[in-house]
Amino acid sequence: MPTALIVEDTATERQILTACAQKAGLTVLTAGSVEEAIAQISHKKPDIVILDVVLPGRSGFELCRELKGDAATSHIPVIICSTKGSDMDKFWGMKQGANAYIPKPVDQEELIRTMKQLVAVS
């Protein structure tokens, strides 16, 4: 079964994203910070990363850029889910290499559909 890594520091949001990933048929790993996410990825590479932007320490944009810049992880699709939902935020997120950018509160059906599409393609 494909695996999703959800990087989200808010417990409620993490629960919502986890439920969506499970509905998409994914096994779920979670991390509350960029550092935790990097540790998870070095242990087991996920099939997709669902990423918040505002995280303690480093931002989700930084993690996205790092993943897409590393040959070992550049193929992993990244969906950014953030309260930062302006056109400029979306543009910046896509410029970091994200495969999709979904503003919060997330449209759960859109998120599930996007996860299924990206995992099937990768």
Side-chain angles (χ1 to χ4, degrees):
M1 183 180 291
T3 302
L5 173 61
I6 295 173
V7 187
E8 169 63 63
D9 62 327
T10 306
T12 304
E13 293 289 339
R14 193 168 44 240
Q15 288 175 343
I16 292 169
L17 298 175
T18 296
C20 289
Q22 290 171 335
K23 285 181 184 173
L26 303 171
T27 299
V28 177
L29 301 172
T30 61
S33 68
V34 169
E35 287 70 26
E36 280 183 45
I38 290 171
Q40 291 267 13
I41 292 167
S42 68
H43 183 67
K44 178 178 181 358
K45 298 229 177 350
D47 297 285
I48 189 167
V49 175
I50 316 301
L51 183 59
D52 188 15
V53 171
V54 181
L55 295 163
R58 298 170 57 200
S59 78
F61 286 149
E62 290 178 78
L63 177 58
C64 183
R65 193 169 46 244
E66 191 171 315
L67 292 174
K68 294 302 184 176
D70 185 333
T73 56
S74 63
H75 66 285
I76 300 172
V78 174
I79 300 174
I80 293 178
C81 294
S82 177
T83 54
K84 296 173 130 333
S86 74
D87 288 343
M88 183 55 78
D89 293 320
K90 292 177 189 174
F91 170 79
W92 189 246
M94 299 306 280
K95 193 163 176 65
Q96 306 310 307
N99 298 81
Y101 194 111
I102 300 175
K104 291 180 185 172
V106 295
D107 176 332
Q108 295 184 27
E109 291 303 318
E110 178 185 7
L111 177 59
I112 291 167
R113 187 175 52 251
T114 303
M115 284 190 280
K116 286 180 177 177
Q117 288 171 346
L118 290 173
V119 169
V121 171
S122 66

query: Would you say the side chain of S82 lies within less than 4.5 Å of the side chain of D89, judging by non-hydrogen atoms?
result: no
- prompt: Any side-chain heavy atom of E66 sitting closer than 4.5 Å to one from V34?
  reply: no
Closest approach of [X] to [Y] (non-hydrogen atoms, all atoms of both residues):
{"X": "S33", "Y": "V7", "result": "O-CG1, 3.8 Å"}
{"X": "P46", "Y": "I41", "result": "CD-CG1, 3.9 Å"}
{"X": "P2", "Y": "G25", "result": "CD-O, 4.2 Å"}
{"X": "K116", "Y": "A24", "result": "CE-CA, 3.8 Å"}
{"X": "L118", "Y": "A100", "result": "CD1-CB, 4.4 Å"}
{"X": "P77", "Y": "D47", "result": "CD-O, 3.1 Å"}

If I take atom [atom1] from residue [X] and atom [atom2] from residue [Y], how far apart are they, to the nearest 0.5 angstrom?
{"X": "Q15", "Y": "I6", "atom1": "CD", "atom2": "CD1", "value": "11.0 Å"}
{"X": "I102", "Y": "L111", "atom1": "CD1", "atom2": "CG", "value": "4.5 Å"}
{"X": "H43", "Y": "L29", "atom1": "NE2", "atom2": "CG", "value": "9.0 Å"}
{"X": "M115", "Y": "L26", "atom1": "CE", "atom2": "CG", "value": "6.0 Å"}
{"X": "E35", "Y": "Q40", "atom1": "CD", "atom2": "CD", "value": "13.0 Å"}
{"X": "T114", "Y": "E109", "atom1": "OG1", "atom2": "CD", "value": "10.5 Å"}

- prompt: Where the side chain of K23 meets the backbone of T18, is there a donor-acceptor pair that is under 3.5 Å apart?
  reply: no
- prompt: Are V53 and Q96 close enough, and set up right, to give a side chain to side chain contact (heavy atoms under 4.5 Å, CB included), and what steps lead you there?
  reply: CA-CA 11 Å; V53 171; Q96 306 310 307; over 6 Å; no
- request: Could you check K45 against T73 for side chain to side chain contact (heavy atoms under 4.5 Å, CB included), going step by step and ending with a plain yes or no?
  value: CA-CA 8 Å; K45 298 229 177 350; T73 56; 3.9 Å; yes
query: Does the side chain to side chain contact (heavy atoms under 4.5 Å, CB included) test come out yes or no for I16 and E8, once each step is laid out?
result: CA-CA 10 Å; I16 292 169; E8 169 63 63; over 6 Å; no
field: L67/I76 under side chain to side chain contact (heavy atoms under 4.5 Å, CB included): CA gap, chis, key distance, verdict
entry: CA-CA 8 Å; L67 292 174; I76 300 172; 5.5 Å; no
query: Got a sec, which hydrophobics cluster with M88, joining ILVMFWY side chains under 4.5 Å apart, including via others?
result: F91
query: Is the shortest distance from a Lys or Arg side-chain nitrogen in D52 or K104 to a carboxylate oxygen in the other one below 4.0 Å?
result: yes
